[in-house]
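Quick notes on the structure that follows.
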Amino acid sequence: MKNKKESITQKLYSLIPSQQTMYLMVKYSLHKQLVQIPISFSVEKDLDFGVLKQAWNIEIERNDSLRLRYVVVNKEIKQYFLDRYTMNYIQIKRFKSLEEQEEFFSKDAQKPIGFLKDECYRIMFFKTEGVGSGIYFNVSHLSLDGMGVVITLADLFRVYKALITGSELPAPLEKYEDYIKEEFVRLSDKKKMAKHEEFYKRYFLKGGEPFHANIHGPEELEKYRAKKKNPDLRVPAVYNPIWDKCDMIVRSISTEDSKKIFEYCLEKKIAPESLLQLGLRTYCSAVNYRTPDVFMQSLCSKRAKNSEKNMGGCLAQPLQLRTIIPEDYTFDQALDEITRVRTSLFMHTNYPYGLALNLSREIYNYNAIQGPACMMFSWIPVPIGPLVPFKFDFRGYNLGRYFTPLYVITHPDPETQGIKCEYMYRVKYANSEDINNLHDNMVRTVLAGIENPNITVGELLDRVTK
């Protein structure tokens, strides 16, 4: 482990805002919550693990985020890029069943990645009887975000294919180090930062104080109101780090229903996450006095440029997605409003999330464990369809602890061509019944709106069942 600046010859960089956001989950956590992304990727055929190991070492060369290392200097985390790094040994696991595979990886997913001890990721190759062979990859969120993981794996298998066929290697990925340098230039533009800050001030003030619409209903809010003897409070203290234990439920949207969703999104030229978020917020509204005001975090990859879409690293930042939607709005109008708010927030993602969060806390005098967001939401665009020449399986795992009451991770399911929804929830504030109600009503709402875009939000709320 390298802990001293004097032992490092490479250039040291401070963490950029995206990485700082991820580190907040550890810095202010009682149980030092896990800040990592554990996934497994497998195909229905035998991979040549010798060639795959060669491909991985080539990937390390061409994807500099896999050569990131972290060190503490004067109580501040710094990062640097190794010039070269080679993995001489990669563990190979063999499982007799999918159940055995999942049990093993689920346990590893809840073991911290020692990113301050030169362990920035763990990788294993595996073969499971009756399933196929693949890769388990558990990586620090400071090194890669969800989209960065997809980009890394896609590039790895392009390299693997080139080695197998003897063809030319694809063009290398863009350098994350260059992005880090550019990010600090953007942050130094005081004029633009001031404009971003002014936007967020207006954004947080418009509509007054937000409302915390917990998927469990207003029970925690009412307890907090009674404790503080204030019936007008709108945001309870549900970010208490003591109650960070999580469980995860995985639900799917069928192939047929997902096809309707994808086709509707193509027709309307919108992203699938807007549609799913409308379904989620409708349920949260319905079980919280039909409030028109629902606030959620939406993790945004920030990859707008083509170069950024061909790069590893962590670029993601949460969008503080607050939507106030009257009941007389139609489904399409509500969808337009979500898209409008998302687009406006996306234009200001260069403003650090931590600064925006502090602004909202100052405006409404929130304490350290209050927060209006009822969930974190993420859409990972895993590729599916005719452009993917082979069938594969993509799985995420429960971290065991998390800083928000609920984290909803959604992505296309390559196995079914449907949509997979992974609900990681704090057991203190929700249970399996709450999650299943949320999922079922989300799907029901989305499909009702696709079938009749003129249905009103009020009519959709009437259809919500617990």
Side-chain angles (χ1 to χ4, degrees), residues 25 31 33-34 36-41 97-111 136 138 146 213-217 219-220 238-239 243-255 257-258 261 272-273 275-284 286-288 294 296-299 373-380 382 393-447 464-466:
M25 302 181 208
H31 296 113
Q33 289 145 321
L34 307 177
Q36 56 207 49
I37 305 175
I39 66 96
S40 66
F41 175 97
S97 66
L98 179 60
E99 290 74 22
E100 184 183 354
Q101 170 195 312
E102 292 301 275
E103 181 181 359
F104 183 87
F105 291 149
S106 293
K107 287 181 180 179
D108 185 86
Q110 297 185 25
K111 296 177 182 177
Y136 169 79
N138 191 350
N214 195 303
I215 66 162
H216 185 62
E219 180 181 326
E220 295 300 326
V238 293
Y239 283 77
W243 309 112
D244 61 0
K245 184 179 178 181
C246 287
D247 203 347
M248 188 165 80
I249 290 176
V250 180
R251 294 289 307 273
S252 295
I253 302 177
S254 71
T255 306
D257 290 340
S258 297
I261 291 171
E273 51 257 57
L275 205 56
L276 300 179
Q277 285 168 344
L278 177 53
L280 292 169
R281 80 168 307 283
T282 300
Y283 180 78
C284 291
V287 298
N288 287 276
V294 177
M296 67 175 71
Q297 308 271 25
S298 179
L299 200 58
C374 59
M375 70 180 73
M376 176 74 79
F377 175 91
S378 183
W379 169 261
I380 303 174
V382 176
D393 182 49
F394 183 89
R395 293 172 183 260
Y397 297 90
N398 176 27
L399 294 177
R401 299 189 184 277
Y402 202 63
F403 80 105
T404 64
L406 172 66
Y407 187 13
V408 182
I409 307 168
T410 58
H411 60 83
D413 184 353
E415 187 175 16
T416 66
Q417 308 294 299
I419 296 173
K420 188 177 286 187
C421 304
E422 298 163 354
Y423 298 91
M424 189 165 63
Y425 62 97
R426 282 192 171 191
V427 296
K428 167 70 175 177
Y429 301 116
N431 56 39
S432 59
E433 183 180 359
D434 297 322
I435 298 301
N436 286 321
N437 284 332
L438 172 66
H439 178 84
D440 292 339
N441 281 283
M442 180 266 286
V443 175
R444 188 180 299 120
T445 295
V446 168
L447 295 178
V464 170
T465 58
K466 285 197 76 172

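Keep in mind that this is a model prediction, so the values were computed, not measured.
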| task | Report yes or no: do Glu422 and Tyr407 form a side-chain donor-acceptor pair below 3.5 Å? | result | no

| note | Of all heavy-atom pairs linking Ala213 and Asn288, the shortest is C-ND2, 3.4 Å

| task | List for me each residue that meets side chain to side chain contact (heavy atoms under 4.5 Å, CB included) alongside Gln297, sequence neighbours excluded, and say none if there are none. | result | Pro318, Gln320, Tyr353, Ala373, Met376

| remark: In this structure, CD1 of Ile249 is separated from CG of Asp434 (nearest 0.5 Å) by 9.0 Å

| Distance-minimising heavy-atom pair for Leu399 and Gln110 | O-CG, 3.4 Å

| message | Could you report the tightest heavy-atom contact between Thr416 and Thr255, atom names first, then the distance? | response | O-OG1, 2.6 Å

| said: Once rounded to the nearest 0.5 Å, what's the spacing between atom CH2 of Trp379 and atom CD1 of Ile409? | reply: 13.0 Å

| said: Nearest 0.5 angstrom please: His439 NE2 to Arg444 CZ, how far? | reply: 10.5 Å

| query | Are the side chain of Asp244 and the backbone N or O of Arg426 linked by a donor-acceptor pair below 3.5 Å? | reply | no

| field | Nearest-0.5 Å distance, CE of residue Met248 to OG of residue Ser432 | value | 14.5 Å

| query | In terms of ring plane angle, is the pair Tyr239 and Phe403 parallel, tilted or perpendicular, where the classes change at 30° and 60°? | reply | tilted

| message | Using modelled atom types and a 3.5 Å cut-off, is there a donor and acceptor pairing between side-chain atoms of Thr410 and backbone atoms of Lys420? | response | no

| field | ring-ring contact (aromatic ring centres under 6.0 Å, His included) partners for Tyr136, two or more places apart | value | Phe105

| query | So how far is it from Ser298 OG to Met375 CE, rounded to the nearest 0.5 Å? | reply | 10.5 Å

| More than 12 heavy atoms of other residues, nucleotides or ligands under 6.0 Å from CD of Glu100: is that the case? | yes

| query | Can you tell if the side chain of Asp440 reaches within under 4.5 Å of the side chain of Arg251, non-hydrogen atoms only? | reply | yes

| query | Roughly how far apart are His216 NE2 and Ile435 CD1, rounded to 0.5 Å? | reply | 11.0 Å

| query | With Lys111, which residues qualify under side chain to side chain contact (heavy atoms under 4.5 Å, CB included), at least two apart? | reply | Asp108, Arg122

| Do Ile253 and Met442 come within less than 4.5 Å of each other through their side chains, counting heavy atoms only? | yes

